[in-house]
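I have placed the structure first, in the form of structure tokens, so that the comments after it can refer back to it.
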Amino acid sequence: MDGVAREAGPGEKLLDVILRTEPGFPHVCYLAPLGTLESCDTCLVEVDGRVVRSCATVASEGLTASTASARALNGRKEGLRRLAQNHHFRCSICDNNNGTCALHNAARTLGLDRQQYRPKPYPIDDSSPFYRYDPSQCILCGRCVEACQDLVVNEVIHIDWARERPRVVWDSDVPVDRSTCVACGTCVTVCPVDALLETKFVGRAGLFTGLPEPAKLAMVEAASSVDGSFQPLLALSDAEAEMRNAVIRKTKTVCTYCGVGCSFDVWTRDHTVLKVLPREESPANGLATCVKGKFGWEHLNSPERLTNPLIREGDHFRTATWEEALHLVATRFREIKAKWGADTLFVIASCTDTNEEVYLTQKFARAVLGTNNVDNCSRYCQSPATVGLWRTVGYGGDAGGIEDLGRAELVVAMGSNTAESHPVIAARIKRAQKLSGHRLVVVDPRRHEMARRADQWLSPKSGTDLILLNAASRYILDQGWEAREFLSNRVAGLDKFRESLAVYTLEYAVEKTGLAREEIVRFATLVHEAKSVSICWAMGITQHQDGSETSTAISNLLLLTGNYGRPGTGGYPLRGHANVQGASDFGALPNYYPGYQKVDEPGVRERLEKEWGVPLPPRPGITSVDSVEAILEGKIRAMYIVGEDKLLADAHIARTDSALRKLDFLVVQEAFFTRTAQYADVILPTALSLEKEGTFVNTERRIQRLYRALEPIGQTRTDLDIVIALANALGARWSYASPSEVMEEVRRIAPIFAGVTYERLEGYRSLQWPVAADGTDAPFLYADRFAFPDGKARLYPTTWVPPLEPEGEFDVVVNNGRLLEHFHWRNLTGETAGLEARVPNMFVEVSPELALEKGIRDGDLVRVVSSTGAIRTRAWVTDRVRGRSLFIPEHGRDEDAINHLTTDARDSVAHTPAYKEVPARLEKISSGSEPEPPVPRSNFRRGTPDAPQKGIRVEQKWQRADYHAIGG
Amino acid sequence: MSEPITSVIDTRPDTAVLREWKEIWDSPAHREALLRTLELLKSLNERGLLDAARATFEGSDAAAHSIEEFLRESQNLRVARNLRALYTLLASLDFERILSPKTSFTGTRGGEGSRRPPMGLIELRRRLKDPVVAAGLEIVLEALAQVGRSRKSFA
Ligand code: SF4
Ligand code: SF4
Ligand code: SF4
Ligand code: FES
């Protein structure tokens with residue numbers, strides 16, 4: 001290269017080789033995770049006498065290249081000159097002028113000093129509350145299109161190269177808020193210039209960007225008119241970019257919502273989030289996010305936030321000081337313990353708290369209050385999955401990483417609306433299917449996005465998934481397709497397992513599941529034929545009476561076919577909350593200490609007693625679900641609930657309501673005045689995730705650090721500070737100076753975290769447990785042995801539990817789940833105006849056939865009645881549901897809260913409520929004049945998708961009459 | 001037996017500082033001045049002008065360094081002239097003219113995301129001249145100066 005010998009890895013691009021020694025080398029459209037786009041011509045070099053794009057040229061042995069030749073340099077300048085026709089350089093008043101603008105940097109490097117800017121004849125599209133598109137600044141690089149089409153595979157945008165002035169268009173050229181755009185924001189993240197910007201960022205990023213547009217333009221004109229060159233303007237803007245660092249803070253954090261665990265830099269100015277910027281090195285998500293993580297942060301400044309401790313006084317709460325509130329809590333806990341015993345107290349740790357907070361919360365229950373009655377919300381969702389894995393492979397966590405779902409030749413997604421509940425994981429699966437031809441099987445009652453995309457969609461009758469799985473296992477055995485060598489070397493229990501499958505013939509399965517014989521055979525065949533199979537599952541599996549059994553059956557099928565211990569294989573329960581995995585890992589369970597050490601295993605308790613310096617209660621506690629019954633029976637008298645809306649979370653609201661009323665004393669530690677907080681005697685106001693330091697564990701067992709981006713507001717404190725203060729008010733002498741000190745203690749007591757230190761988690765670094773003392777982690781489990789003493793996995797026979805079925809007056813079955821835009825009861829997402837506007841109210845999905853039978857049209861007010869209660873909501877007639885199955889989003893918190901309908905039925909092992917088995921009755925209350933779906937036109941579900949495409953179709957640009965290749 | 005309740009009464013005791021503020025607040029003249037001043041400050045803040053001031057102090061080292069780097073290349077010396085031109089321009093912009101509706105450059109506003117624009121610059125300037133506001137500003141500026149005195153100077 002320019003006369004110097006250079007080394008390159010196999011297949012390495014010339015551009016990457018150049019960037020190693022010359023990081024400022026121009027390249028505007030190239031971004032590694034998106035691959036080569038070849039749309040900007042700013043990276044040209046001369047190779048063997050020809051001018052070529054270095055981003056599209058593979059470095060090979062003996063290749064002679066020049067970056068410095070006049071032809072190459074002129075070529076790059078010409079490329080940039082062309083881009084500059086599509087972009088007005090006005091950097092010092094540009095919100096994107098943050099030192100990282102690829103176009104600005106190319107202009108500086110190449111010394112561009114004038115431009116022939118030709119604005120495009122299109123207005124700015126700011127119809128979306130989340131981001132806006134300015135066609136006149138768009139350089140048509142195609143990064144956004146590649147991201148939308150092939151990285152997150154939402155397939156919404158393309159560049160219309162056929163127009164006189166090409167631009168990016170949404171679907172078939174509709175405004176953003178009439179399109180199918182799910183507002184994941186990935187296009188905005190990758191846009192190199194200010195053509196796509198976050199709405200919150202516009203006018204807020206720079207020191208002058210908030211001025212009115214005419215004033216800004218006048219400034220630019222004045223600054224660049226002195227000698228007709230805008231290099232000085234670029235220089236001035238470099239200075240301004242530096243000055244921005246004094247007002248904008250960039251802090252790495254982990255998303256507060258779902259279990260994918262997206263990490264990103266959050267840009268804040270004062271107490272406002274301006275921008276969320278995922279990075280290439282973000283381990284779980286790369287450059288992707290979903291709408292909640294990218295745009296859902298207005299709750300931080302909500303006037304609804306609790307900012308003072310509150311104490312119940314007659315018919316109202318009054319504000320109190322921390323001293324007073326903590327004193328009262330300590331006194332009442334002490335009294336109740338003295339009078340009724342420690343096991344009449346119950347503690348719930350929060351799944352959105354950090355690991356360090358969870359750890360101290362469970363330690364508080366055990367070592368300070370003296371009870372093992374401590375649990376977390378995984379009890380409501382994922383505990384059955386953990387049971388299934390414990391029984392069969394030993395660890396209660398995902399077998400590999402999210403990456404493995406992209407590697408698997410076949411992914412089976414069961415009871416999971418992945419595209420809405422775990423959007424960034426869905427993106428990996430969709431990408432592998434689209435670009436690598438991997439297969440996808442979806443088992444789910446609803447025809448949601450993943451079901452529409454699936455190579456096979458199976459919709460067995462509710463509560464019969466176990467039969468499908470076992471019938472497939474039996475069919476595989478009958479065909480002799482089992483992985484014999486794997487089974488004989490690494491798995492125990494085949495004979496008993498084979499016996500247990502006797503009843504699961506195809507005939508039996510057809511009868512019970514309602515599926516066709518061919519469908520079941522095809523499913524078994526697909527599993528058999530794929531070289532690597534991963535199965536992911538969520539609450540559509542676990543929230544049944546046989547959730548633990550079905551989870552076990554999933555793992556059995558994987559073992560039977562040898563699908564563990566290799567990349568792209570294994571079981572992947574998709575965890576719901578940001579730190580629901582960590583909440584269990586760090587010991588907020590009634591029967592396990594941190595790191596899944598059994599409370600009643602000899603020797604473990606003694607070891608912890610030594611470490612903690614207090615005697616510990618010997619008997620395991622009860623679960624959160626059972627605590628409701630225990631309150632009603634008078635066995636639990638006081639509760640300490642951290643960050644959970646128990647009234648709305650538990651099945652059967654009427655019963656939970658009676659229980660909460662009956663408590664002698666209730667402490668609720670919360671950021672918002674939740675429905676559960678209304679029952680409290682004391683409310684302690686907490687800080688939110690961006691206001692904390694600590695760690696989370698995501699669904700793939702990945703431990704990641706959060707740094708404090710903002711100071712806690714008002715009198716709020718972190719849960720860590722509160723639980724320490726409370727422990728000390730009860731006589732403990734806790735003196736943790738920082739969350740990292742807590743982690744140091746955890747490493748000493750929990751072997752699976754032995755090597756976890758804050759240094760090893762610095763910045764975007766992460767560790768997947770178990771982590772050995774030397775820091776070696778486990779991105780992939782079971783390569784050599786399963787987590788049992790003999791190293792062998794177990795095939796574990798399962799039993800089907802017939803589900804509650806529609807009968808008599810309750811002739812329909814209600815299913816429920818998440819929507820993309822919201823999280824739980826909208827305590828957080830409901831505070832972001834754009835999210836709330838997209839789904840302003842809940843609804844019930846009714847199949848066209850049932851709607852016809854009941855005379856129901858879109859938007860009709862209906863009542864759904866079950867044996868435990870009723871809800872009122874609006875109807876949406878859609879083929880996403882079939883027959884007599886209804887779907888209601890779980891985000892209602894008033895008369896539309898789903899748990900008004902759910903019952904006391906539950907999984908017998910994990911005790912998770914059977915939220916998905918609800919026989920009910922559907923009644924029409926009244927009709928509007930015109931049928932109208934219950935969500936507004938701006939909701940992506942009402943858009944009409946355009947045909948998907950692969951890549952950005954840059955050939956169409958090259959074929960245009962006005963395009964001439966540079967340098968021949 | 002605890003009924004769910006939703007009403008909250010703020011019973012925080014007055015601290016000395018709060019009492020002092022309350023006194024100022026209770027005098028109608030002061031209250032008027034403060035309200036209008038706060039509104040003004042909010043508007044300055046929304047336009048980024050307070051931050052610009054802040055950045056000038058806090059970011060000055062890095063910014064100066066970046067300019068210095070640039071000036072080292074002799075052909076870039078002219079930047080100085082441009083900088084001066086820019087700041088002269090900032091001071092003399094004819095807001096009345098450029099803010100006339102004819103030259104408004106807004107895009108297709110009115111989507112769910114529209115935010116209320118901050119106070120107009122004409123209004124800002126008018127208020128700065130208002131004697132009531134000037135009095136209020138004095139109080140706030142004095143307070144800021146107190147804070148400033150405790151910080152490192154950037155002379
Ligand atoms: S900073 Fe970047 S996007 Fe903004 S005007 Fe300059 S080159 Fe264009
Ligand atoms: S779905 Fe919308 S926000 Fe996401 S990448 Fe596509 S166009 Fe952009
Ligand atoms: S909007 Fe898309 S095509 Fe236009 S500059 Fe941004 S990333 Fe490139
Ligand atoms: S970076 Fe090579 S063509 Fe754009």
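Order of the sequence lines sets the chain letters (A, B, ...), proteins ahead of strands, with each chain counted from 1.
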So which part of A:Asp134 gets closer than 4.5 Å to some heavy atom of chain B, the side chain, the backbone, both or neither?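 Answer is neither: A:Asp134 stays 4.5 Å or more from chain B.
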
Residue part contacting chain B, namely of A:Phe673, when any heavy atom lies under 4.5 Å: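 The side chain, not the backbone.
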
Quick one: pull up NE2 in A:His316 and CD1 in B:Ile9 and give me the separation to the nearest 0.5 Å.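 Between atom NE2 of A:His316 and atom CD1 of B:Ile9 there are 3.5 Å.
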
Which distance, rounded to the nearest 0.5 Å, do you find between the CD of B:Glu3 and the CG of A:Leu660?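 These two atoms lie 12.0 Å from each other.
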
Do B:Ser2 and A:Asp681 come within less than 4.5 Å of each other through their side chains, counting heavy atoms only?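 In contact.
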
A:Lys646 NZ: over 12 foreign heavy atoms closer than 6.0 Å: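 Yes, because the 6.0 Å sphere around NZ of A:Lys646 holds more than 12 heavy atoms from other groups.
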
Go through A:Gln678, A:Arg675, A:Arg318, A:Glu313 and name the one with the most non-hydrogen pairs under 4.5 angstrom from chain B.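 The candidate making the most pairs under 4.5 Å is A:Gln678.
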
Given A:Arg312 and B:Ile5, is the side chain to side chain contact (heavy atoms under 4.5 Å, CB included) satisfied, shown in steps? CA-CA 9 Å; A:Arg312 176 182 285 261; B:Ile5 48 176; 3.7 Å; yes

